[in-house]
Amino acid sequence: MGVFTFENESTSTVAPARLYKALVTDADTIIPKAVEAIQSVETVEGNGGPGTIKKLTLIEGGETKYVLHKIETIDEANLGYNYSIVGGVGLPDTVEKISIETKLVEGANGGSIGKVTIKIETKGDAQPNEEEGKAAKARGDAFFKAIESYLSAHPEYN
């Protein structure tokens, strides 16, 4: 088994608490409004806490697909949220598990810095694919910016 780990930081003009609320607390309603490709977010198992599995339905290449996320930890006090991709198009055949650890911290001028660590564990002798890692980073950056744009366009959201 191989493990490929990469870290990323994204900056936002949105305050950490407001961004966290949109990304975690109100994710089921905000994400489909903010991210064009994502059609819905629904809980398929659990009560919203650790162990909960959420299904994100999306349109990719004109096809309806889905990704299953399992919530690992929620740390509201420190604006942290960790989850794993456990099924769907986000989990290639050669991958055992993808874990994502996120945290928001204060940024410049009242904004935020989103810190993300992604660990991809491959099956057997499969080697981590650097291109898949780069594509995942690009999707993450686009997702973060889509939420930021939505919040900037909706100042009434608190």
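Two different hydrophobic clusters hold I31 and I53 under the rule that ILVMFWY side chains link at heavy-atom gaps under 4.5 Å. Hydrophobic cluster membership differs between I71 and Y66, with clusters built from Ile, Leu, Val, Met, Phe, Trp and Tyr side chains linked at under 4.5 angstrom.
In this structure, E9 pairs ionically with K115, as a charged nitrogen and a carboxylate oxygen lie closer than 4.0 Å.
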- Given I100 and V116, is the side-chain contact (heavy atoms from CB on, under 4.5 Å) satisfied, shown in steps? CA-CA 7 Å; I100 298 101; V116 179; 3.8 Å; yes
- Message: K54 vs D28, test: salt bridge (charged side-chain N to carboxylate O under 4.0 Å, His left out). Steps then yes/no.
- Response: CA-CA 9 Å; K54 293 192 175 206; D28 295 4; 2.6 Å; yes
- Task: Output, in order, the C-alpha distance, side-chain angles, deciding distance and verdict of side-chain contact (heavy atoms from CB on, under 4.5 Å) for K123 and T94.
- Result: CA-CA 5 Å; K123 294 178 180 175; T94 59; 5.7 Å; no
- Task: Apply side-chain contact (heavy atoms from CB on, under 4.5 Å) to the pair F143 and L23, showing each step before the final yes or no.
- Result: CA-CA 10 Å; F143 176 85; L23 287 168; 3.6 Å; yes
- Message: Walk me through whether L104 and Y81 qualify under side-chain contact (heavy atoms from CB on, under 4.5 Å).
- Response: CA-CA 9 Å; L104 292 171; Y81 181 77; over 6 Å; no
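Taken to the nearest 0.5 Å, the CZ atom of R18 stands 4.5 Å off from the CG atom of L151. One distance of note links CD1 of I120 with CD of E96; it measures 13.0 Å at 0.5 Å rounding. Expressed to the nearest 0.5 Å, how far NZ of K145 lies from CD1 of I147 amounts to 12.0 Å. Distance CG/L68 to OH/Y83: 13.0 Å, rounded to 0.5 Å. K70 NZ to I85 CD1: the interatomic distance, rounded to the nearest 0.5 Å, is 14.0 Å. Between the OG1 atom in T13 and the CD atom in E148 there is a gap of 4.0 Å [rounded to 0.5 Å].
Closest non-hydrogen pair, E7 versus T117, comes out as CG-OG1, 3.6 Å. What you find for I98 and V95 is that their closest heavy atoms are CG1-CG1, 3.6 Å. Taking each heavy atom of S112 and A15 in turn, the nearest pair found is OG-C, 3.2 Å. Heavy atoms only, all atoms of each residue included: A146 and V35 are closest at CB-CG2, 4.0 Å. Taking all atoms of both residues into account, the shortest heavy-atom contact from G107 to I113 is CA-CG1, 3.9 Å. Counting all heavy atoms, side chain and backbone alike, A27 lies closest to V41 at O-CG2, 4.3 Å.
Residue E36 qualifies as open at atom CD: its count of foreign heavy atoms under 6.0 Å is 12 or below. Under a cut-off of 6.0 angstrom, the local environment of OH in Y157 is crowded, with over 12 non-hydrogen atoms contributed by other residues, nucleotides or ligands.
Partners of E60 by salt bridge (charged side-chain N to carboxylate O under 4.0 Å, His left out), not counting sequence neighbours, listed by chain and number: K65.
A distance-only check finds a donor-acceptor pair linking the side chain of N82 to the backbone of T102 [under 3.5 Å]. Under a 3.5 Å cut-off, the side chain of S12 and the backbone N or O of V14 do form a donor-acceptor pair. Side-chain N or O atoms of Q39 include none that pairs as donor or acceptor with a backbone N or O of I59 at under 3.5 Å. Distance alone, capped at 3.5 Å, places no donor-acceptor pair between the N109 side chain and the G111 backbone.
Side-chain N/O atoms of E72 and S84 include a donor and acceptor closer than 3.5 Å.
Between F6 and F4, the angle of the ring planes lies from 30° to 60°, which puts this pair in the tilted group.
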